[in-house]
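A note on names: the letters A, B, ... follow the listed sequences, proteins ahead of strands, and every chain is numbered from 1. All figures in this text were calculated on a predicted structure; none of them were measured in a lab.
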Number of protein chains: 2
Amino acid sequence: MTRPVTSAERALTALRELIMGGELAAGARLGEVELADRLGVSRTPVREALSRLAAEGLVQVVPNRGARVATWTVAELEGVFDLRAVLEPRLTALAVPNARPADVDELDALARRMCEVGSPGPGQDLDALVPLNRAFHDRLVALAGHPALAAALAAAIHPPIVRRNFLTYDEESLRRSLAHHGEIVAALRAGDPDWARAVMTSHIANARAVMVRAARLQTTATATPEEETA
Amino acid sequence: MTRPVTSAERALTALRELIMGGELAAGARLGEVELADRLGVSRTPVREALSRLAAEGLVQVVPNRGARVATWTVAELEGVFDLRAVLEPRLTALAVPNARPADVDELDALARRMCEVGSPGPGQDLDALVPLNRAFHDRLVALAGHPALAAALAAAIHPPIVRRNFLTYDEESLRRSLAHHGEIVAALRAGDPDWARAVMTSHIANARAVMVRAARLQTTATATPEEETA
DNA sequence: CACCCCTACCTTGCATGCAATCGAACGGGG
DNA sequence: CCCCGTTCGATTGCATGCAAGGTAGGGGTG
(Lines give C-alpha, C1' and ligand atoms only; values in the text may rest on other atoms or scores of the structure.)
Protein backbone atom coordinates (compact mmCIF):
# COMPACT_ATOMS: atom_id res chain seq x y z
CA MET A 1 0.00 0.00 0.00
CA THR A 2 2.66 2.49 -0.98
CA ARG A 3 1.59 5.94 -2.06
CA PRO A 4 1.39 5.92 -5.84
CA VAL A 5 4.09 8.21 -7.13
CA THR A 6 4.11 7.41 -10.79
CA SER A 7 1.38 8.53 -13.14
CA ALA A 8 0.70 4.98 -14.16
CA GLU A 9 -0.01 3.95 -10.60
CA ARG A 10 -2.23 6.93 -10.03
CA ALA A 11 -4.12 6.05 -13.17
CA LEU A 12 -4.37 2.45 -12.01
CA THR A 13 -5.76 3.24 -8.60
CA ALA A 14 -7.99 6.00 -9.94
CA LEU A 15 -9.47 3.69 -12.53
CA ARG A 16 -9.95 0.96 -9.98
CA GLU A 17 -11.79 3.34 -7.72
CA LEU A 18 -13.91 4.57 -10.61
CA ILE A 19 -14.92 1.06 -11.51
CA MET A 20 -15.35 -0.31 -8.02
CA GLY A 21 -17.21 2.78 -6.93
CA GLY A 22 -19.66 2.21 -9.70
CA GLU A 23 -18.97 5.47 -11.52
CA LEU A 24 -18.08 3.46 -14.57
CA ALA A 25 -20.91 1.06 -15.11
CA ALA A 26 -20.26 -2.55 -16.03
CA GLY A 27 -19.83 -2.82 -19.76
CA ALA A 28 -19.00 0.87 -20.16
CA ARG A 29 -16.55 1.70 -22.88
CA LEU A 30 -13.12 2.86 -21.76
CA GLY A 31 -11.61 5.13 -24.39
CA GLU A 32 -7.94 5.83 -23.89
CA VAL A 33 -8.04 9.52 -24.79
CA GLU A 34 -11.14 10.12 -22.74
CA LEU A 35 -9.62 8.51 -19.66
CA ALA A 36 -6.35 10.28 -20.26
CA ASP A 37 -8.12 13.63 -20.30
CA ARG A 38 -10.18 12.71 -17.28
CA LEU A 39 -7.14 11.70 -15.26
CA GLY A 40 -4.90 14.45 -16.54
CA VAL A 41 -2.20 12.20 -17.96
CA SER A 42 -1.27 10.97 -21.40
CA ARG A 43 -2.48 7.79 -23.00
CA THR A 44 0.61 5.79 -22.09
CA PRO A 45 -0.03 5.40 -18.36
CA VAL A 46 -3.70 4.86 -19.11
CA ARG A 47 -2.81 2.01 -21.41
CA GLU A 48 -0.60 0.52 -18.75
CA ALA A 49 -3.34 0.81 -16.17
CA LEU A 50 -5.88 -0.79 -18.48
CA SER A 51 -3.46 -3.59 -19.15
CA ARG A 52 -3.01 -4.33 -15.51
CA LEU A 53 -6.69 -4.05 -14.76
CA ALA A 54 -7.30 -6.51 -17.54
CA ALA A 55 -4.86 -8.88 -15.88
CA GLU A 56 -6.80 -8.42 -12.66
CA GLY A 57 -10.00 -9.13 -14.49
CA LEU A 58 -11.64 -5.80 -13.82
CA VAL A 59 -11.73 -4.79 -17.47
CA GLN A 60 -11.84 -6.75 -20.67
CA VAL A 61 -9.63 -5.73 -23.56
CA VAL A 62 -10.19 -6.73 -27.15
CA PRO A 63 -7.25 -6.01 -29.44
CA ASN A 64 -7.87 -3.05 -31.69
CA ARG A 65 -11.29 -2.60 -30.19
CA GLY A 66 -10.55 -1.04 -26.87
CA ALA A 67 -11.43 -1.87 -23.30
CA ARG A 68 -14.70 -2.17 -21.46
CA VAL A 69 -15.53 -2.58 -17.81
CA ALA A 70 -15.84 -6.29 -17.20
CA THR A 71 -19.21 -7.82 -16.62
CA TRP A 72 -19.97 -10.99 -14.76
CA THR A 73 -22.86 -13.34 -14.54
CA VAL A 74 -24.62 -14.62 -11.47
CA ALA A 75 -22.94 -17.98 -12.02
CA GLU A 76 -19.51 -16.35 -11.95
CA LEU A 77 -20.42 -14.50 -8.80
CA GLU A 78 -21.50 -17.74 -7.18
CA GLY A 79 -18.24 -19.30 -8.26
CA VAL A 80 -16.32 -16.56 -6.53
CA PHE A 81 -18.15 -17.17 -3.31
CA ASP A 82 -17.60 -20.89 -3.59
CA LEU A 83 -13.94 -20.10 -3.67
CA ARG A 84 -14.02 -17.60 -0.87
CA ALA A 85 -15.86 -20.18 1.20
CA VAL A 86 -12.88 -22.47 0.78
CA LEU A 87 -10.01 -20.03 0.99
CA GLU A 88 -10.97 -17.41 3.52
CA PRO A 89 -11.76 -19.78 6.39
CA ARG A 90 -8.40 -21.46 5.85
CA LEU A 91 -6.74 -18.12 5.76
CA THR A 92 -8.46 -17.04 8.94
CA ALA A 93 -7.36 -20.19 10.72
CA LEU A 94 -3.80 -19.56 9.59
CA ALA A 95 -3.94 -16.05 10.97
CA VAL A 96 -4.76 -17.21 14.49
CA PRO A 97 -1.31 -18.35 15.63
CA ASN A 98 0.33 -15.33 13.98
CA ALA A 99 -1.90 -12.73 15.57
CA ARG A 100 -0.09 -10.78 18.25
CA PRO A 101 -2.19 -8.91 20.82
CA ALA A 102 -1.49 -5.64 19.07
CA ASP A 103 -2.82 -7.09 15.82
CA VAL A 104 -5.96 -8.32 17.51
CA ASP A 105 -6.49 -4.92 19.09
CA GLU A 106 -6.21 -3.32 15.69
CA LEU A 107 -8.77 -5.68 14.22
CA ASP A 108 -10.94 -5.13 17.24
CA ALA A 109 -10.85 -1.39 16.65
CA LEU A 110 -11.83 -1.89 13.03
CA ALA A 111 -14.68 -4.20 13.97
CA ARG A 112 -15.99 -1.77 16.56
CA ARG A 113 -15.73 1.13 14.18
CA MET A 114 -17.69 -0.84 11.61
CA CYS A 115 -20.39 -1.52 14.16
CA GLU A 116 -20.62 2.19 14.87
CA VAL A 117 -20.96 3.38 11.31
CA GLY A 118 -22.98 0.34 10.29
CA SER A 119 -25.66 0.35 12.96
CA PRO A 120 -28.94 2.04 12.11
CA GLY A 121 -29.26 5.46 13.61
CA PRO A 122 -27.94 8.96 13.13
CA GLY A 123 -24.31 7.90 12.79
CA GLN A 124 -24.93 5.35 10.07
CA ASP A 125 -22.62 5.76 7.08
CA LEU A 126 -22.64 2.77 4.81
CA ASP A 127 -20.08 4.28 2.46
CA ALA A 128 -17.56 4.36 5.29
CA LEU A 129 -18.09 0.65 5.77
CA VAL A 130 -16.46 -0.37 2.53
CA PRO A 131 -12.91 0.80 3.28
CA LEU A 132 -13.17 -0.44 6.85
CA ASN A 133 -14.22 -3.85 5.67
CA ARG A 134 -11.38 -3.98 3.19
CA ALA A 135 -8.97 -2.96 5.90
CA PHE A 136 -10.24 -5.70 8.17
CA HIS A 137 -9.95 -8.44 5.60
CA ASP A 138 -6.62 -7.18 4.28
CA ARG A 139 -5.24 -7.19 7.79
CA LEU A 140 -6.41 -10.74 8.22
CA VAL A 141 -4.84 -11.76 4.93
CA ALA A 142 -1.57 -10.22 5.98
CA LEU A 143 -1.66 -12.04 9.30
CA ALA A 144 -2.08 -15.38 7.60
CA GLY A 145 1.36 -14.93 6.09
CA HIS A 146 0.55 -17.03 3.07
CA PRO A 147 1.41 -15.10 -0.11
CA ALA A 148 0.16 -17.72 -2.51
CA LEU A 149 -3.18 -17.96 -0.80
CA ALA A 150 -3.43 -14.20 -0.76
CA ALA A 151 -2.65 -14.05 -4.46
CA ALA A 152 -5.25 -16.66 -5.27
CA LEU A 153 -7.84 -14.89 -3.21
CA ALA A 154 -7.06 -11.56 -4.80
CA ALA A 155 -7.25 -13.02 -8.26
CA ALA A 156 -10.59 -14.61 -7.59
CA ILE A 157 -12.21 -11.76 -5.74
CA HIS A 158 -11.03 -8.66 -7.52
CA PRO A 159 -13.30 -8.92 -10.52
CA PRO A 160 -16.73 -9.12 -9.02
CA ILE A 161 -15.63 -7.48 -5.85
CA VAL A 162 -18.20 -6.20 -3.57
CA ARG A 163 -18.96 -3.31 -5.85
CA ARG A 164 -20.87 -0.94 -3.66
CA ASN A 165 -20.81 -3.74 -1.23
CA PHE A 166 -22.85 -2.92 1.76
CA LEU A 167 -25.50 -0.94 0.00
CA THR A 168 -27.09 -4.22 -0.93
CA TYR A 169 -27.15 -5.68 2.57
CA ASP A 170 -30.51 -5.86 4.22
CA GLU A 171 -30.53 -4.85 7.83
CA GLU A 172 -30.49 -8.31 9.29
CA SER A 173 -27.67 -9.60 7.09
CA LEU A 174 -25.65 -6.51 7.82
CA ARG A 175 -26.05 -7.00 11.55
CA ARG A 176 -24.88 -10.59 11.13
CA SER A 177 -21.92 -9.51 9.07
CA LEU A 178 -20.81 -6.95 11.63
CA ALA A 179 -21.24 -9.46 14.43
CA HIS A 180 -19.02 -11.89 12.54
CA HIS A 181 -16.16 -9.44 12.56
CA GLY A 182 -16.42 -9.10 16.29
CA GLU A 183 -16.61 -12.84 16.73
CA ILE A 184 -13.53 -13.35 14.59
CA VAL A 185 -11.69 -10.99 16.89
CA ALA A 186 -12.87 -13.02 19.85
CA ALA A 187 -11.69 -16.24 18.23
CA LEU A 188 -8.31 -14.68 17.54
CA ARG A 189 -8.00 -13.54 21.12
CA ALA A 190 -8.93 -17.03 22.27
CA GLY A 191 -6.35 -18.50 19.93
CA ASP A 192 -8.87 -20.93 18.54
CA PRO A 193 -8.32 -21.57 14.81
CA ASP A 194 -11.36 -23.79 14.44
CA TRP A 195 -13.60 -21.16 15.91
CA ALA A 196 -12.16 -18.49 13.64
CA ARG A 197 -12.53 -20.73 10.64
CA ALA A 198 -16.16 -21.47 11.44
CA VAL A 199 -17.05 -17.83 11.87
CA MET A 200 -15.44 -16.91 8.60
CA THR A 201 -17.33 -19.69 6.88
CA SER A 202 -20.58 -18.23 8.17
CA HIS A 203 -19.41 -14.77 7.18
CA ILE A 204 -18.85 -15.78 3.58
CA ALA A 205 -22.08 -17.75 3.40
CA ASN A 206 -23.98 -14.73 4.63
CA ALA A 207 -22.27 -12.44 2.15
CA ARG A 208 -22.88 -14.92 -0.61
CA ALA A 209 -26.59 -14.96 0.02
CA VAL A 210 -26.74 -11.18 -0.02
CA MET A 211 -24.64 -10.69 -3.13
CA VAL A 212 -26.34 -13.34 -5.17
CA ARG A 213 -29.73 -11.95 -4.35
CA ALA A 214 -28.57 -8.43 -5.25
CA ALA A 215 -27.04 -9.62 -8.49
CA ARG A 216 -30.24 -11.38 -9.45
CA LEU A 217 -32.22 -8.24 -8.85
CA GLN A 218 -29.76 -6.11 -10.75
CA THR A 219 -29.61 -8.31 -13.81
CA THR A 220 -33.36 -8.55 -14.06
CA ALA A 221 -33.70 -4.82 -13.52
CA THR A 222 -31.27 -3.89 -16.27
CA ALA A 223 -32.42 -6.53 -18.69
CA THR A 224 -31.96 -4.16 -21.61
CA PRO A 225 -28.23 -3.73 -22.17
CA GLU A 226 -27.23 -0.17 -21.60
CA GLU A 227 -24.54 1.71 -23.45
CA GLU A 228 -22.88 4.50 -21.60
CA THR A 229 -19.42 5.97 -21.52
CA ALA A 230 -19.38 7.71 -18.18
CA MET B 1 -5.16 -19.54 -26.47
CA THR B 2 -5.52 -17.15 -29.37
CA ARG B 3 -2.49 -16.62 -31.54
CA PRO B 4 -0.79 -13.46 -30.34
CA VAL B 5 -1.17 -10.90 -33.07
CA THR B 6 -0.02 -7.76 -31.35
CA SER B 7 3.59 -7.10 -30.52
CA ALA B 8 2.74 -6.69 -26.87
CA GLU B 9 1.25 -10.15 -26.69
CA ARG B 10 4.18 -11.66 -28.50
CA ALA B 11 6.48 -9.96 -26.07
CA LEU B 12 4.39 -11.22 -23.19
CA THR B 13 4.41 -14.84 -24.26
CA ALA B 14 8.03 -14.70 -25.33
CA LEU B 15 9.09 -13.30 -21.99
CA ARG B 16 7.02 -15.85 -20.15
CA GLU B 17 8.67 -18.64 -22.09
CA LEU B 18 12.09 -17.16 -21.47
CA ILE B 19 11.47 -17.04 -17.74
CA MET B 20 9.64 -20.31 -17.38
CA GLY B 21 12.13 -22.07 -19.59
CA GLY B 22 14.90 -20.95 -17.30
CA GLU B 23 16.75 -18.89 -19.89
CA LEU B 24 16.32 -15.90 -17.65
CA ALA B 25 17.51 -16.95 -14.24
CA ALA B 26 15.61 -15.98 -11.13
CA GLY B 27 16.73 -12.55 -10.03
CA ALA B 28 18.08 -11.63 -13.44
CA ARG B 29 17.80 -8.02 -14.40
CA LEU B 30 15.31 -7.20 -17.14
CA GLY B 31 16.39 -4.07 -18.97
CA GLU B 32 13.77 -2.63 -21.26
CA VAL B 33 16.07 -1.78 -24.14
CA GLU B 34 17.86 -5.09 -23.94
CA LEU B 35 14.60 -7.03 -24.06
CA ALA B 36 13.28 -4.80 -26.81
CA ASP B 37 16.33 -5.55 -28.93
CA ARG B 38 16.14 -9.21 -28.13
CA LEU B 39 12.49 -9.47 -29.10
CA GLY B 40 12.72 -7.13 -32.04
CA VAL B 41 10.15 -4.61 -30.82
CA SER B 42 10.28 -1.23 -29.19
CA ARG B 43 10.25 -0.55 -25.50
CA THR B 44 6.54 0.14 -25.32
CA PRO B 45 5.26 -3.42 -25.77
CA VAL B 46 8.06 -4.65 -23.55
CA ARG B 47 6.92 -2.32 -20.81
CA GLU B 48 3.39 -3.57 -21.20
CA ALA B 49 4.53 -7.17 -21.03
CA LEU B 50 6.61 -6.52 -17.93
CA SER B 51 3.66 -4.82 -16.32
CA ARG B 52 1.42 -7.76 -16.91
CA LEU B 53 4.04 -10.25 -15.82
CA ALA B 54 4.44 -8.25 -12.66
CA ALA B 55 0.72 -8.57 -12.09
CA GLU B 56 1.08 -12.30 -12.60
CA GLY B 57 3.92 -12.38 -10.14
CA LEU B 58 6.54 -13.64 -12.52
CA VAL B 59 8.63 -10.50 -12.32
CA GLN B 60 9.10 -7.86 -9.67
CA VAL B 61 9.13 -4.21 -10.65
CA VAL B 62 10.56 -1.43 -8.54
CA PRO B 63 9.67 2.08 -9.75
CA ASN B 64 12.58 3.81 -11.42
CA ARG B 65 14.75 0.80 -10.80
CA GLY B 66 13.57 -1.66 -13.37
CA ALA B 67 12.32 -5.19 -13.31
CA ARG B 68 13.86 -8.46 -12.22
CA VAL B 69 12.75 -12.04 -12.55
CA ALA B 70 10.88 -12.88 -9.39
CA THR B 71 12.47 -15.15 -6.84
CA TRP B 72 10.69 -17.28 -4.31
CA THR B 73 11.65 -19.04 -1.15
CA VAL B 74 11.06 -22.62 -0.16
CA ALA B 75 8.33 -21.42 2.18
CA GLU B 76 6.53 -19.72 -0.67
CA LEU B 77 6.83 -22.82 -2.78
CA GLU B 78 5.33 -24.89 0.02
CA GLY B 79 2.54 -22.36 0.28
CA VAL B 80 1.76 -22.80 -3.37
CA PHE B 81 1.48 -26.52 -2.96
CA ASP B 82 -0.70 -26.12 0.11
CA LEU B 83 -3.02 -24.18 -2.09
CA ARG B 84 -2.89 -26.56 -4.99
CA ALA B 85 -3.67 -29.35 -2.56
CA VAL B 86 -6.90 -27.55 -1.73
CA LEU B 87 -7.91 -26.22 -5.11
CA GLU B 88 -6.94 -28.82 -7.65
CA PRO B 89 -8.74 -31.76 -6.06
CA ARG B 90 -11.89 -29.64 -5.88
CA LEU B 91 -11.43 -28.64 -9.45
CA THR B 92 -10.93 -32.22 -10.52
CA ALA B 93 -14.08 -33.30 -8.76
CA LEU B 94 -15.98 -30.51 -10.51
CA ALA B 95 -14.69 -31.68 -13.86
CA VAL B 96 -16.14 -35.17 -13.46
CA PRO B 97 -19.80 -34.45 -14.25
CA ASN B 98 -18.82 -32.13 -17.09
CA ALA B 99 -16.49 -34.54 -18.83
CA ARG B 100 -17.99 -35.90 -22.02
CA PRO B 101 -16.58 -39.14 -23.43
CA ALA B 102 -14.71 -37.19 -26.07
CA ASP B 103 -13.07 -35.08 -23.39
CA VAL B 104 -12.05 -38.16 -21.44
CA ASP B 105 -10.60 -39.69 -24.58
CA GLU B 106 -8.57 -36.59 -25.17
CA LEU B 107 -7.21 -36.65 -21.64
CA ASP B 108 -6.57 -40.35 -22.02
CA ALA B 109 -4.51 -39.70 -25.12
CA LEU B 110 -2.49 -37.08 -23.28
CA ALA B 111 -1.90 -39.37 -20.33
CA ARG B 112 -0.78 -42.22 -22.58
CA ARG B 113 1.49 -39.95 -24.55
CA MET B 114 3.05 -38.76 -21.32
CA CYS B 115 3.66 -42.33 -20.27
CA GLU B 116 5.41 -42.99 -23.56
CA VAL B 117 7.77 -40.05 -23.48
CA GLY B 118 8.20 -40.26 -19.73
CA SER B 119 9.12 -43.90 -19.33
CA PRO B 120 12.79 -44.75 -19.16
CA GLY B 121 14.13 -46.14 -22.38
CA PRO B 122 15.12 -44.99 -25.84
CA GLY B 123 11.99 -42.89 -26.37
CA GLN B 124 12.31 -40.92 -23.18
CA ASP B 125 12.03 -37.16 -23.69
CA LEU B 126 11.48 -35.28 -20.48
CA ASP B 127 11.31 -31.92 -22.22
CA ALA B 128 8.25 -33.09 -24.12
CA LEU B 129 6.58 -33.88 -20.83
CA VAL B 130 6.19 -30.29 -19.76
CA PRO B 131 3.80 -29.11 -22.50
CA LEU B 132 1.86 -32.37 -22.28
CA ASN B 133 1.43 -31.95 -18.56
CA ARG B 134 0.28 -28.39 -18.99
CA ALA B 135 -2.17 -29.48 -21.64
CA PHE B 136 -3.54 -32.16 -19.35
CA HIS B 137 -4.05 -29.86 -16.40
CA ASP B 138 -5.37 -27.03 -18.56
CA ARG B 139 -7.89 -29.37 -20.08
CA LEU B 140 -9.00 -30.42 -16.63
CA VAL B 141 -9.30 -26.80 -15.52
CA ALA B 142 -11.45 -26.03 -18.53
CA LEU B 143 -13.69 -28.99 -17.84
CA ALA B 144 -14.34 -27.83 -14.31
CA GLY B 145 -16.07 -24.78 -15.73
CA HIS B 146 -15.22 -22.62 -12.76
CA PRO B 147 -13.56 -19.40 -13.93
CA ALA B 148 -12.94 -18.01 -10.48
CA LEU B 149 -11.25 -21.17 -9.30
CA ALA B 150 -9.20 -21.23 -12.46
CA ALA B 151 -8.14 -17.65 -11.92
CA ALA B 152 -7.17 -18.33 -8.32
CA LEU B 153 -5.17 -21.35 -9.32
CA ALA B 154 -3.42 -19.52 -12.10
CA ALA B 155 -2.55 -16.65 -9.80
CA ALA B 156 -1.14 -18.96 -7.19
CA ILE B 157 0.76 -21.26 -9.50
CA HIS B 158 2.15 -19.01 -12.14
CA PRO B 159 5.01 -17.63 -10.13
CA PRO B 160 6.86 -20.70 -9.00
CA ILE B 161 5.42 -22.77 -11.77
CA VAL B 162 6.95 -26.02 -12.65
CA ARG B 163 10.03 -24.36 -14.00
CA ARG B 164 11.75 -27.16 -15.77
CA ASN B 165 9.40 -29.29 -13.87
CA PHE B 166 10.08 -32.89 -14.63
CA LEU B 167 13.82 -32.61 -14.74
CA THR B 168 13.74 -32.73 -10.98
CA TYR B 169 11.58 -35.83 -10.66
CA ASP B 170 13.34 -38.93 -9.52
CA GLU B 171 12.30 -42.05 -11.37
CA GLU B 172 9.91 -43.38 -8.79
CA SER B 173 8.08 -40.09 -8.28
CA LEU B 174 7.80 -39.63 -12.01
CA ARG B 175 6.28 -43.05 -12.42
CA ARG B 176 3.78 -42.22 -9.71
CA SER B 177 2.95 -38.92 -11.35
CA LEU B 178 2.33 -40.51 -14.72
CA ALA B 179 0.20 -43.19 -13.14
CA HIS B 180 -1.90 -40.52 -11.46
CA HIS B 181 -2.82 -39.04 -14.81
CA GLY B 182 -4.04 -42.39 -16.02
CA GLU B 183 -5.96 -42.95 -12.81
CA ILE B 184 -7.65 -39.58 -13.10
CA VAL B 185 -8.80 -40.56 -16.54
CA ALA B 186 -10.19 -43.76 -15.09
CA ALA B 187 -12.03 -41.86 -12.38
CA LEU B 188 -13.49 -39.52 -14.97
CA ARG B 189 -14.65 -42.44 -17.04
CA ALA B 190 -16.20 -43.99 -13.98
CA GLY B 191 -17.89 -40.70 -13.16
CA ASP B 192 -16.63 -40.82 -9.60
CA PRO B 193 -15.77 -37.34 -8.26
CA ASP B 194 -14.45 -38.63 -4.96
CA TRP B 195 -12.05 -40.95 -6.67
CA ALA B 196 -10.85 -38.20 -8.98
CA ARG B 197 -10.41 -35.85 -6.07
CA ALA B 198 -8.41 -38.37 -4.12
CA VAL B 199 -6.08 -39.11 -6.99
CA MET B 200 -5.46 -35.43 -7.58
CA THR B 201 -4.72 -34.97 -3.91
CA SER B 202 -2.07 -37.68 -4.14
CA HIS B 203 -0.78 -36.15 -7.34
CA ILE B 204 -0.21 -32.79 -5.74
CA ALA B 205 1.32 -34.29 -2.62
CA ASN B 206 3.75 -36.24 -4.76
CA ALA B 207 4.66 -33.17 -6.78
CA ARG B 208 5.04 -31.17 -3.63
CA ALA B 209 7.55 -33.57 -2.20
CA VAL B 210 9.58 -33.49 -5.39
CA MET B 211 9.55 -29.74 -5.85
CA VAL B 212 10.35 -28.90 -2.27
CA ARG B 213 13.28 -31.27 -2.27
CA ALA B 214 14.54 -29.80 -5.53
CA ALA B 215 14.14 -26.26 -4.27
CA ARG B 216 16.08 -27.09 -1.12
CA LEU B 217 18.92 -28.50 -3.15
CA GLN B 218 18.94 -25.58 -5.51
CA THR B 219 18.96 -22.91 -2.84
CA THR B 220 21.78 -24.58 -0.96
CA ALA B 221 23.73 -25.06 -4.18
CA THR B 222 23.46 -21.42 -5.20
CA ALA B 223 23.96 -20.02 -1.75
CA THR B 224 25.98 -17.13 -3.12
CA PRO B 225 23.60 -14.75 -4.89
CA GLU B 226 24.42 -14.55 -8.54
CA GLU B 227 24.08 -11.55 -10.76
CA GLU B 228 23.48 -12.22 -14.40
CA THR B 229 21.56 -10.56 -17.17
CA ALA B 230 21.03 -13.41 -19.58
C1' DC C 1 43.11 5.41 4.86
C1' DA C 2 38.16 5.82 5.20
C1' DC C 3 34.16 8.41 4.30
C1' DC C 4 31.38 11.65 1.90
C1' DC C 5 29.94 14.38 -1.85
C1' DC C 6 29.57 15.49 -6.49
C1' DT C 7 29.30 14.48 -11.26
C1' DA C 8 28.28 11.90 -15.32
C1' DC C 9 26.01 8.07 -17.39
C1' DC C 10 22.39 5.07 -17.71
C1' DT C 11 17.67 3.63 -17.05
C1' DT C 12 13.08 4.33 -16.49
C1' DG C 13 8.74 7.14 -17.10
C1' DC C 14 5.88 9.77 -19.89
C1' DA C 15 4.24 12.42 -23.91
C1' DT C 16 3.46 12.72 -28.57
C1' DG C 17 3.36 11.41 -33.62
C1' DC C 18 2.38 8.21 -37.17
C1' DA C 19 0.64 4.05 -39.19
C1' DA C 20 -2.65 0.14 -39.10
C1' DT C 21 -6.93 -1.69 -37.93
C1' DC C 22 -11.78 -1.67 -36.99
C1' DG C 23 -16.59 0.13 -37.24
C1' DA C 24 -20.04 2.65 -39.45
C1' DA C 25 -22.22 5.20 -42.75
C1' DC C 26 -23.03 5.77 -47.58
C1' DG C 27 -23.90 4.48 -52.24
C1' DG C 28 -24.68 1.02 -55.79
C1' DG C 29 -26.58 -3.22 -57.37
C1' DG C 30 -29.79 -7.15 -57.21
C1' DC D 1 -36.66 -2.99 -50.27
C1' DC D 2 -32.67 -5.43 -48.81
C1' DC D 3 -27.93 -6.73 -49.20
C1' DC D 4 -23.17 -6.05 -50.18
C1' DG D 5 -18.91 -3.42 -51.34
C1' DT D 6 -16.45 0.76 -50.45
C1' DT D 7 -14.83 4.79 -48.24
C1' DC D 8 -14.29 7.70 -44.30
C1' DG D 9 -13.75 8.54 -39.45
C1' DA D 10 -12.21 7.25 -35.11
C1' DT D 11 -9.39 4.55 -32.10
C1' DT D 12 -5.88 1.60 -30.95
C1' DG D 13 -0.95 0.01 -31.34
C1' DC D 14 3.66 1.09 -31.61
C1' DA D 15 7.93 3.82 -32.07
C1' DT D 16 10.65 7.46 -30.69
C1' DG D 17 12.14 11.74 -28.13
C1' DC D 18 12.80 14.09 -23.97
C1' DA D 19 13.00 14.74 -19.05
C1' DA D 20 13.45 13.01 -14.26
C1' DG D 21 15.28 9.89 -11.20
C1' DG D 22 18.83 6.60 -9.70
C1' DT D 23 23.34 4.38 -9.60
C1' DA D 24 28.12 4.05 -9.98
C1' DG D 25 32.50 5.96 -10.12
C1' DG D 26 35.94 9.37 -9.02
C1' DG D 27 37.75 13.11 -6.53
C1' DG D 28 38.20 15.68 -2.40
C1' DT D 29 38.38 16.19 2.60
C1' DG D 30 38.67 14.85 7.52
Can you tell me if the side-chain N/O atoms of B:Arg47 get under 4.0 Å from OP1 or OP2 in C:dG13?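 Affirmative; the distance criterion is met.
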
At less than 4.0 Å, is any side-chain N or O atom of B:Arg29 found next to OP1 or OP2 of C:dT12? Yes or no.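 Result: yes.
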
Who passes side chain to side chain donor-acceptor pair (under 3.5 Å) against [X], sequence neighbours left out?
X	result
B:Ser51	A:Glu48
B:Arg16	B:Glu56
A:Arg43	A:Glu32
A:Arg112	A:Asp108

Grab the CG-C1' distance between B:Leu50 and C:dG13 for me, whole Å please.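 Answer to the nearest Å: 13 Å.
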
Considering only residues two or more places apart or on different chains, which pairs with a residue in residues 144-156 of chain A satisfy side chain to side chain donor-acceptor pair (under 3.5 Å)?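 Residue pairs with at least one partner in residues 144-156 of chain A: there are none.
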
Counting the atoms with a prime plus P, OP1 and OP2 as sugar-phosphate, which does A:Thr44 contact under 4.0 Å by heavy atoms, base, sugar-phosphate, or nothing?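 Base contact - A:Thr44 has a heavy atom under 4.0 Å of at least one base atom.
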
Step-by-step salt bridge (charged side-chain N to carboxylate O under 4.0 Å, His left out) determination, A:Asp82 to B:Arg90: CA-CA 11 Å; A:Asp82 280 350; B:Arg90 278 181 72 83; 5.4 Å; no

Salt bridge (charged side-chain N to carboxylate O under 4.0 Å, His left out) with B:Arg139: which residues, sequence neighbours excluded?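 Counting only residues at least two positions away or on another chain, B:Arg139 forms a salt bridge (charged side-chain N to carboxylate O under 4.0 Å, His left out) with B:Asp103, B:Glu106.
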
Which atom pairs link the protein and nucleotides 21-25 of chain C when you take only N or O atoms and keep those under 3.5 Å?
from, atom 1, to, atom 2, distance (Å)
C:dT21, O3', A:Asn64, ND2, 3.4
C:dG23, OP1, A:Arg65, NE, 2.7
C:dG23, OP1, A:Arg65, NH1, 2.9

Which residues share a ring pair (Phe, Tyr, Trp, His ring centres under 6.0 Å) with B:His137, sequence neighbours left out: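 Checked B:His137 against ring pair (Phe, Tyr, Trp, His ring centres under 6.0 Å); matches are B:His181, B:His203.
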
Assuming nearest nucleotide by heavy-atom distance, tell me which of B:Gly66 and A:Gly40 is located more 5' along DNA chain C.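 Result of the comparison: B:Gly66.
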
Taking heavy atoms of chain B and a 4.0 Å limit, find me the 5'-most and 3'-most nucleotide of DNA chain D within that range.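 First and last nucleotides in contact are D:dC14 to D:dT23.
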
